[in-house]
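Structure below; questions to follow.
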Amino acid sequence: MTAKLRHIAISVPELKPAAEFYKKTFGHEEVSYVETPYGDGLSLSDGVINLTLLKFHSDDAAGDERGKDFHGIHHMGFIVDDLEGYTERVKKNGGGFHRELKGGGGVDFGRKFRDPNGVVFDISHKGWIGIKE
């Protein structure tokens, strides 16, 4: 089984200014923009790691106790070759299920967990837009 860090999501107050900072500063390419009932997302990539900027519409949509007004690293994501195997591995090693995003409307699939310290992360067998490897 293999897992690679390929996604970092940051909750920001405004998408476009945040995206301009990362594009101008680090040369990242914009690869996706979506508007959903839950929130809006703008994804940038360096070709290896996807950086998704999120602006949630409600506390419920933000998905945890930090709510929509939290700004900072929201979660990270690992692409895995065996979704169910890693689900079991996470639980066996002290992690806990958090929630699942089914995808659709441009939103990537992700099964969310918390590590033993409460840090939120995704695992996905589909990956994220903009990742070339």
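Quick note: residue numbers are just sequence positions, from 1.
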With side-chain contact (heavy atoms from CB on, under 4.5 Å) as the criterion, how do Asp64 and Arg99 come out once you've worked through the C-alpha distance, each side chain's angles and the decisive distance to 0.1 Å? CA-CA 10 Å; Asp64 60 38; Arg99 65 189 278 186; over 6 Å; no

Say you draw a straight line from CG of Asp122 to CD of Glu100; how long is it, rounded to the nearest 0.5 Å?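 It comes to 10.5 Å.
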
Please determine whether the number of non-hydrogen atoms from other residues, nucleotides or ligands lying under 6.0 Å from atom CG of Asp60 exceeds 12.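 Counting other residues, nucleotides and ligands, CG of Asp60 stays at 12 neighbours or fewer.
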
For Leu5, look at atom CG and say whether over 12 heavy atoms of other residues, nucleotides or ligands are found less than 6.0 Å away. yes

Is Ile123 reachable from Val120 through a run of hydrophobic residues whose side-chain heavy atoms are each under 4.5 Å from the next?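 Result: no, two separate clusters.
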
Minimal non-hydrogen separation, Ser45 against Val31, with atom names: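 Result for this residue pair: CB-CG1, 4.1 Å.
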
Does the plane of the ring in Phe97 sit parallel, tilted or perpendicular to the ring in Phe113? Use 30° and 60° as the thresholds. perpendicular

Are there over 12 heavy-atom neighbours, none belonging to Tyr38, within less than 6.0 Å of that residue's OH?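 12 or below, so no.
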
Please round to the nearest 0.5 Å and tell me the distance separating atom NZ of Lys112 and atom OG of Ser124. 10.0 Å

Nearest heavy atoms of Ala19 and Leu42, plus distance in Å: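 Here Ala19 and Leu42 meet closest at CB-CD2, 3.7 Å.
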
Quick check: do Val48 and Lys4 have side-chain heavy atoms less than 4.5 Å from each other? no

Can you name the nearest heavy-atom pair linking Gly67 to Asp59, along with the distance? CA-OD1, 3.5 Å

Going hydrophobic residue to hydrophobic residue with side-chain gaps under 4.5 angstrom, can you get from Ile73 over to Phe70?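 No, it is not one cluster - the side chains of Ile73 and Phe70 are not joined through contacts under 4.5 Å.
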
Which pair of non-hydrogen atoms, one from Pro116 and one from Gly94, has the smallest distance, and what is that distance? CG-O, 3.6 Å

Considering only heavy atoms from C-beta outward, does the side chain of Arg89 approach that of Asp82 to under 4.5 Å? no

Could you grab the distance from atom CG of Leu51 to atom CG of Leu44, nearest 0.5 Å is fine?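 Reported value, rounded in 0.5 Å steps: 5.5 Å.
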
So, Lys55 side chain and Pro13 main chain: donor-acceptor pair closer than 3.5 Å or not?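 Yes, because the side chain of Lys55 sits within donor-acceptor range (under 3.5 Å) of the backbone of Pro13.
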
Mind checking the NZ-OG1 spacing from Lys92 to Thr87? Nearest 0.5 Å is all I need.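 The distance works out to 14.0 Å.
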
Does His74 offer a backbone N or O that forms a donor-acceptor pair with the side chain of Arg66 under 3.5 Å?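 It does hold such a pair.
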
His28: ring-ring contact (aromatic ring centres under 6.0 Å, His included) partners, not counting sequence neighbours: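 His28 satisfies ring-ring contact (aromatic ring centres under 6.0 Å, His included) with no other residue.
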
Test question: given the 4.5 Å side-chain rule for I, L, V, M, F, W and Y, name all other residues clustered with Phe56, or answer none.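 Result for Phe56 is Leu54.
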
Indicate yes or no: does Arg111 engage Glu84 in a salt bridge with an N to O separation below 4.0 Å. yes

Minimal heavy-atom distance between Leu15 and Gly41, with the atoms involved, is CD1-N, 4.0 Å

In the structure I gave you, are the side-chain heavy atoms of Val12 and Phe21 within less than 4.5 Å of one another anywhere?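 Not in contact.
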
Are Ile79 and His7 packed together at the side-chain level, in the sense that at least one heavy-atom pair is separated by less than 4.5 angstrom? no

From Leu53 CG over to Tyr33 OH, what is the distance, rounded to the nearest 0.5 angstrom? 11.0 Å

Euclidean distance, His98 NE2 relative to Asp115 CG, rounded to 0.5 Å: 12.0 Å

Validation row: His57, Lys68 side chains within 4.5 angstrom (heavy atoms):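 No; the side chains remain at least 4.5 Å from each other.
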
Could you check whether the rings of Tyr22 and Phe26 sit parallel, tilted or perpendicular, using 30° and 60° as the cut-offs? parallel

